[in-house]
Amino acid sequence: MGGVEDQIDQWRGFVRRRGAISGADVEEMEDHLREQIADLEAGGLDGEEAFLVAVRRMGNLDEVSREFAREHSDRLWKQLVLVPEADAAGPGRWREPGVLLAFALGAGVAVKLLFAAVDGEFEQIRNLPFVVLPFLAGWFAWKRRTPWGVCAAAAALAAVPFLAVNLYPFQEAPGPFPSPGMTAVLAFTHAPVLLWLLAGVLHTGGHWRSHDRRMDFVRFTGELAMYLVLLQLGSLVLLGLTAGVLSLVGVDLEPVLEDWLLPFGLPGALLVAAWLVEAKKSVVENIAPVLTRVFTPLALVMLVADLVVLLVNGPLTAVDRDLLILMDAVLVLVLFLLLYSVSARDPLAPPGVFDRIQLALVGAALAVDAVALTAMLGRIAEFGFTANKTAALGLNLVLLVHLAWSARLLAGFVRGGRPFAAVERWQTAYLPVYALWAAVVVLVFPPVFGFA
C-alpha cells in the first residue's frame with residue numbers, strides 16, 4: 001500500500017495545482033478515487049494496477065479542471081485579486097503588498113545610489129544585477145520563509161562573482177575608443193545567470209534538491225519573463241503618451257525619466273511582475289507554456305532552414321563568428337521551449353503529436369549544435385583559443401549534453417518505453433550544470449586569458 005499511497009499523493013498534488021478545484025473538491029474526488037481502487041482490488045487487481053485504472057476512469061484532469069472553471073468561474077477571478085477582501089483577510093491583508101513595495105523601493109534606492117556613486121556606463125551596467133536581484137531574492141526568502149542559514153550561504157556565494165567582476169584587473173579592448181575587453185564582457189553577461197540560479201535556491205525555500213521545487217522555479221522564470229515584457233510594453237506606451245502631452249505644453253519629461261522613473265521603474269517592474277506570477281500561479285492556464293505550443297513548430301521549421309543554409313553555403317570553417325553567436329542564441333531558445341513545454345505537460349498523459357514535434361525539434365537542435373561545434377573547432381584550429389571562442393565552445397558542449405540526453409529520454413517516452421517523469425526530472429537535474437559553467441566563465445576565464 002505504500003506505493004499506492006505515494007501515487008495517490010502525487011495525483012492529489014497534481015489536481016491541487018488546478019486553480020479552479022478547491023480543497024474540498026479535491027477531497028471529494030480523492031474519496032471517489034479510493035472507492036474505485038477498492039472496487040478494482042476486490043475484482044482481483046493489485047494496488048498499482050487498480051490505481052492506474054481508477055485514474056483513467058476519473059477522466060482527463062484538464063477537462064475536469066475546465067469544467068469546474070465553467071461552473072465556478074468566480075474562484076478564478078478571486079485568485080487574480082491582488083489584495084484579499086477585508087472580510088476574508090483581516091487587518092493583515094496589506095502585509096504582502098506592503099513588503100513587496102518596501103523591497104521595490106529598496107531596489108530603486110539601490111539603483112539610484114549606484115548611478116550616483118559609480119562613474120562609467122559599463123561599470124554601472126555590470127553592477128546593476130548585484131543591486132537589483134538581492135531585493136527580489138529577499139522577497140523570495142520572505143515569502144517562502146527560507147531558513148537564515150540558506151540565505152546566508154546564498155549571499156556568500158553571490159559575493160564571490162561580485163568581488164570578481166569589480167576587483168579583477170580587466171583590460172580594455174584595443175581601438176580608438178575605450179571599450180571593455182572580452183573577458184570583462186563574458187564575466188558581466190554570465191554573472192546574472194549565476195545570480196538568478198542562486199535566487200532560485202531562495203525561491204525553493206531552501207529545498208533546492210527537490211526536483212519539484214526546481215521545476216516550479218522554471219515555471220516561475222518563464223511566467224516572469226512574459227509578465228515583465230507586458231509591463232514594459234504597457235509602460236512604454238503610457239510614458240510615450242505622457243511625454244507627447246507634456247511636450248505640447250513645453251514640459252520636458254526626459255530629466256525626470258532619467259533621474260527617477262528609470263531607476264525606480266525598472267526594478268519595480270521586476271518585483272511587481274514576480275508578485276503577479278505568484279498571485280495567479282494556481283490559475284488553470286499560464287502564458288509561457290501556451291506560447292511554447294505556438295512557437296515549437298515554428299522553431300522546428302527555423303532550425304531546419306538554418307541547418308540547410310549552413311550545410312549548403314560553403315565550408316564550415318568559413319562560417320562567420322557572428323553567425324555562430326546567433327546559432328547559440330537559437331539553441332538557448334530551443335532549450336527554453338523544451339523546459340517550458342515539459343513543465344506544463346501532464347505527466348500521466350500518453351504520448352501525442354506535440355511530443356513527436358518536440359522530439360523532432362530537439363533532434364534538429366542537436367544537428368545544428370553539431371554543425372556549430374564543427375565550425376567552432378575549425379576556427380580554433382586555424383586561429384587558436386580565445387576567451388570568446390572557448391566560452392562559445394563550452395556553452396555548446398553543455399547544451400549538447402542536455403539536448404542529447406533529453407532526446408534519448410523523449411524518444412523512449414514516445415515509443416512507450418519510459419515514463420515522462422524521467423524527461424521532467426532530467427531538466428531539473430541538469431540546471432546546476434549551467435550555474436557551474438557560469439561560475440567558471442566569471443571566475444576562471446579572466447585570469448586564464450590574462451584579463452584581456
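The residues of the chain are indexed from 1 along the displayed sequence.
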- [ ] Please list all pairs passing the side-chain hydrogen bond (donor to acceptor under 3.5 Å, both in side chains) test where one or both residues lie in residues 397-407, with sequence neighbours left out.
- [x] H402-Q427, H402-Y434, S406-W426, S406-Q427
Open item on the list: Strictly by side-chain hydrogen bond (donor to acceptor under 3.5 Å, both in side chains), give each pair with a member in residues 357-373 just once, sequence neighbours left out.
Closed with: S341-Q358, D369-N396
TODO: With sequence neighbours left out, write down each residue that passes ring-ring contact (aromatic ring centres under 6.0 Å, His included) with F140, or none if nothing qualifies.
DONE: H203, F220
Open item on the list: Show every salt bridge (Lys or Arg N to Asp or Glu O under 4.0 Å) that has at least one partner inside residues 406-422, sequence neighbours left out.
Closed with: none
Open item on the list: Run the ring-ring contact (aromatic ring centres under 6.0 Å, His included) test against F413 and tell me which residues pass, sequence neighbours left out.
Closed with: F420
- [ ] Not counting sequence neighbours, list each pair that qualifies as a side-chain hydrogen bond (donor to acceptor under 3.5 Å, both in side chains) and has a residue in residues 124-140.
- [x] N127-N166
TODO: Return the set of residues passing side-chain contact (heavy atoms from CB on, under 4.5 Å) with P446 (not counting sequence neighbours), or none when no residue passes.
DONE: Y168, F170, T183, F451
Open item on the list: According to salt bridge (Lys or Arg N to Asp or Glu O under 4.0 Å), does anything in residues 347-357 pair up with another residue at least two apart or in another chain? List the pairs.
Closed with: R345-D355
Task: Of all pairs that satisfy side-chain hydrogen bond (donor to acceptor under 3.5 Å, both in side chains), the ones with a partner from residues 189-199, not counting sequence neighbours - done: W196-T221
Task: For V229, all residues meeting side-chain contact (heavy atoms from CB on, under 4.5 Å), sequence neighbours excluded - done: L233
Open item on the list: List the residues meeting side chain to side chain donor-acceptor pair (under 3.5 Å) with H211, not counting sequence neighbours, and say none if there are none.
Closed with: R425, T428
- [ ] Report the residues that fulfil side-chain contact (heavy atoms from CB on, under 4.5 Å) with L300, sequence neighbours left out, ordered by chain and then residue number.
- [x] V304, I357, A360, L361, A364
